Amino acid sequence: SYIYEEFLTTGGTDVKVYTVGPRYAHAEARKSPVVDGKVQRTPDGKEVRFPVLLSPQEKEISRMVTLAFGQKVCGFDLLRSEKGRSYVCDVNG
């Protein structure tokens, strides 16, 4: 079986969110490989990411994800649409 997602225009960045409990979240952005098919890497091979601040709504999304999945520590991908809304597209526990 397959799950298809509608393509969401994001301005070329993906946000990776890491949570510890429902009250702490750290977020980093990266250039989406969808832009040009390439992942930006440092000379030692690590993916280039930049710290970002989450909006109050995104912090609430982070809290809801940890509670919904019953995870103390988890990570998920957040897509910020060009229309001003944020969407969770992948959760890892």
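All residue numbers in this chain count up from 1 along the given sequence. Everything quoted here is computed from the prediction, not taken from an experiment.
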Enquirer: Kindly indicate whether the side chain of Thr9, heavy atoms from C-beta on, has any atom under 4.5 Å from the side chain of Ser81.
Expert: no
Enquirer: In the hydrophobic cluster built from side-chain contacts under 4.5 Å, what are the other members alongside Tyr87?
Expert: Leu8, Leu79
Enquirer: Who are the side chain to side chain contact (heavy atoms under 4.5 Å, CB included) partners of Asn92, not counting sequence neighbours?
Expert: Asp90
Enquirer: Which Ile, Leu, Val, Met, Phe, Trp or Tyr residues join Val39 in one cluster when any pair of side-chain heavy atoms under 4.5 Å counts as a link?
Expert: none
Enquirer: Once you round to the nearest 0.5 Å, how far does OG of Ser55 lie from CZ of Arg80?
Expert: 6.5 Å
Enquirer: Please name all residues satisfying side-chain hydrogen bond (donor to acceptor under 3.5 Å, both in side chains) with Lys31, sequence neighbours left out, ordered by chain then number.
Expert: Asp36
Enquirer: Mind checking side-chain hydrogen bond (donor to acceptor under 3.5 Å, both in side chains) for Ser86 and listing every partner two or more places apart, or none if nothing turns up?
Expert: Glu58
Enquirer: In the hydrophobic cluster built from side-chain contacts under 4.5 Å, what are the other members alongside Ile61?
Expert: Val15, Val17, Val52, Leu54, Val65, Phe69, Phe76, Leu78, Val88, Val91
Enquirer: Tell me, please, which residues at least two apart from Lys72 pass side chain to side chain contact (heavy atoms under 4.5 Å, CB included).
Expert: none
Enquirer: Taking only residues at least two apart or on different chains, which pairs with a member in residues 8-24 satisfy salt bridge (charged side-chain N to carboxylate O under 4.0 Å, His left out)?
Expert: Asp14-Arg30, Lys16-Asp77
Enquirer: Using every non-hydrogen atom in the two residues, find where Ala25 and Thr19 come nearest and quote the distance to one decimal.
Expert: CB-CG2, 4.0 Å
Enquirer: Take a 6.0 Å sphere around CZ of Arg85 and say whether it holds more than 12 heavy atoms from other residues, nucleotides or ligands.
Expert: no
Enquirer: If you look at every heavy atom in Thr10 and Thr13, which pair is closest and at what distance?
Expert: OG1-O, 3.2 Å
Enquirer: Rounded to the nearest 0.5 Å, what separates atom CD in Gln40 from atom OG in Ser32?
Expert: 11.0 Å
Enquirer: How close do Pro22 and Thr66 get, heavy atom to heavy atom, and via which atoms?
Expert: CA-OG1, 3.3 Å
Enquirer: What heavy-atom pair brings Gly93 and Cys74 nearest, and what distance separates the two atoms?
Expert: CA-CB, 4.0 Å
Enquirer: With sequence neighbours excluded, what pairs up with Arg49 under the salt bridge (Lys or Arg N to Asp or Glu O under 4.0 Å) test?
Expert: Glu28, Glu47
Enquirer: Among Ile, Leu, Val, Met, Phe, Trp and Tyr joined by side-chain contacts under 4.5 Å, find the other residues sharing a cluster with Met64 and list them by chain and number.
Expert: none
